[in-house]
Amino acid sequence: MKERRQKSILIVEDNIGVADSLVLLLVDEGYHVELWVQGTELDLHEPFPDLILLDLLLGGMDGQTVCRQLKGQATTAHIPVILMSANKRTPIIAQEVRADNWVMKPFEVWSLLALLDKYMDQCQFISDQETFE
Amino acid sequence: MRYEEGTPEGEIQQEVDRLLLARYAPPSVVIDAHMEILSVRGHTSPYLEPAPGKMSFNLFKMAREGLGLELRTALARAKKSDRPVRKVGIQLHDRGILREISFEIIPLQASSTTRSFLILFTDTSVMPLSLLAHGAEQTSRAKPGTKDRRIQQLEDELTSRGEDMRFIIEEMEGANEELQSANEEILSSNEELQTLNEELETSKEEIQSTNEELLVVNQKLQQRNAQVQTARAHAEAIVETIREPLLILDREMRVQSANSAFYAFFQVTPQETEQQILFQLGNGQWNIPLLRTLLEEMLSHKHNLMDHEVEHLFPHIGLKIIRLNARRMEDDQLVLLALEDITERKHLEQAQQHLMEQREGFLGIASHELKTPVTSMKIYTQTLQRRFQKTGDEQAASFLGKVDEQLNVLIWLISELLDLTKIEAGQLPMYQEQFDLLTLVQDTVETIHHTTTRHQIHIEGNAISPVVADRGRIGQVLTNLLSNALKYSPLADIVLVKLYQEEHGTTIGVQDFGIGIEPAEQVHLFERFFRVSDEQHITFPGLGLGLYISAQIVQRQGGQIWVDSAVGKGSTFFFTIPHPPLATPTHSKSHP
């Protein structure tokens, strides 16, 4: 549990309700949570988060583009990205933009937490690797 | 040496010939095969004379008494042998003078087609009959030698007559035979004529019946003609009444006629239209390059013009979109051109299209906007539930669990309504991908397991080969069938999911051991808003859209859905996922 508390998650979500509830949940679960809701270009700095939860339909900015950028840069390509969307095509889009996984809104909390656990564990063991495909 | 006729030498020669012929040549006649005398030379009256009655040049009729028979027999011989025949010692009594004559018949070879004969007459002796009779008495008395010679002479004559008779008899017999055969021929000809007559009778009957048929045909033709005229009148009435402008053009695109709709629509008169070239009409307002090309292509390629749309600015009536249909008529001599004004319709279609696009956009936004608040509600609820579980407030946690269940119902209803709206709009998109069906079934069963404490869900069979379909939608169908199975078997504790790998695809069956469905209701199961109720008419929650949406999803992917059910025993819902027809999968998925 001590390990996990150090893990950080970046939530990219422009809906206040979803963002707020996710922050509450993930803080409760012991994660360090950062939230990015603005419609401006995402500018990541060190230290990078251990995982990114990315909403597909961002107001003003396309989540797909963000994901492509993240996966296209050597410095950020290793960070696991989980797409969140109500779009039925999410599984296909996830593959197209090289996201690591996806959850369909609305989702069960336990299924999201299970996914996070999976990638955090991976992260711990193969933290030097840049890709997680 | 030859002498030309008409020259003095020639005339002399001819005269000499004539004299020589008269003086030294025996009297002679030339006859043809029918015994007609063709020419006479010399003094033939001692042998021939015209017979009383109608004038005839027949040799036998003209021959003097006693000579006819001799001539006849000799001619017959000459004909038969084709050689000259000579007869001597023929006695003729002529006005008290007994003359002994001879003649010779010579077949002439001059003509190969007609046979003719030359008969030469010569007198051997002439004496008065009285003298002869007297002399004969004298000689019979005085000279027995003479008598003997006379007897001998008569015997010879008798023998020769006998031969002649025999010859004539033979000839007669031959003639008889010929007559008989001619008779037979006549008889057979008669029979043939009779047959011919019968045939003619039959032909006559046939002609009569043909005539009757022709009369009937004629009547029919008249009827047809009347029908054609009626049809023509109809066609003209239709052309005049129809609201679509019509033009009839000849090969040179000259207007033969136009209907009232044409004049009304394009605001022109027959005077300025008929017999004008289409492209020159109304200051060349029809000189549309596309129209010209289309019509020329149509005539040269011998096809008809179907539904070509032309947008054009017409002087009087403004910008119009015209749909052109043209048909070649009467061996390409005429062209029927129909001009349908679809400007209004096009505008409506565009408006409709715009509306559809707006609707599509709305559906996307509605889907997102409706799901976003419930997403946060679920996270809040479950986070709070987890907090109460950690602090041990089980009651509060349980309440929140119920809130979460109701949220799930709400989510399900929202997605059903959205799906229905999409189906109605024809916008239920399918995203084909290749995936492992067994994994999907296991995942779905696991999710459903969370919603029940009573039922166990078992998976039977194995789908070995991957399927190509919309994974999410197939998952939706499975979820729907499984939640139905739980809902309609409240007293049972087992639900089965069966997988069948078949030649044409994969079949999935979801079996419950619940209330079952009446046969009458089974028919309507997959209809919109249909809801099953049990014997006590207890209605089960839901909009009655689940099976309709499932059926739509399955059918849109080329599959089938059906039910096998017995009241009180339970139901099995089946659906199929067909193998793609040699299509490569559009996506392969490597995600867990």
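We name chains A, B, ... by the order of the sequence lines, and we start the count at 1 in each one.
- For the options A:Asp20, A:Asn15, A:Leu22, heavy-atom pairs under 4.5 Å to chain B are most numerous at A:Asp20.
- Counting heavy atoms of neighbouring residues, nucleotides and ligands inside a 6.0 Å radius, atom NZ of B:Lys402 does not exceed 12 of them.
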Exercise. Does the pair A:Lys105 and B:Ile379 meet the rule for a side chain to side chain contact (heavy atoms under 4.5 Å, CB included), with working shown?
Worked result: CA-CA 10 Å; A:Lys105 285 181 180 176; B:Ile379 300 168; over 6 Å; no

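- No side-chain heavy atom of A:Leu25 sits less than 4.5 Å from a side-chain heavy atom of B:Gln382.
- Open room surrounds CD on B:Gln560; 12 or fewer heavy atoms of other groups in view lie less than 6.0 Å from it.
- Looking at B:Asp404, only its side chain comes within 4.5 Å of chain A, counting heavy atoms on both sides.
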For this session: Given side chain to side chain contact (heavy atoms under 4.5 Å, CB included), test B:Arg386 with A:Asp28 step by step and report yes or no.
Result: CA-CA 9 Å; B:Arg386 292 172 81 87; A:Asp28 269 16; 6.0 Å; no

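- Heavy atoms of B:Gln476 lying under 4.5 Å from chain A belong exclusively to its side chain.
- Using a 4.5 Å cut-off on side-chain heavy atoms (C-beta onward), A:Glu108 and B:Thr447 make no contact.
- Neither the backbone nor the side chain of A:Asn87 comes within contact range of chain B; no heavy atoms are under 4.5 Å apart.
- Of the candidates B:Leu407, B:Leu410, B:Ile411, A:Pro106 forms a side-chain contact (heavy atoms from CB on, under 4.5 Å) with just one, namely B:Ile411.
- Shortest non-hydrogen contact noted between A:Phe107 and B:Lys378 is O-CE, 3.5 Å.
- Separation of atoms OG1 (B:Thr375) and CG (A:Asp55) is listed at 9.0 Å; rounding is to 0.5 Å.
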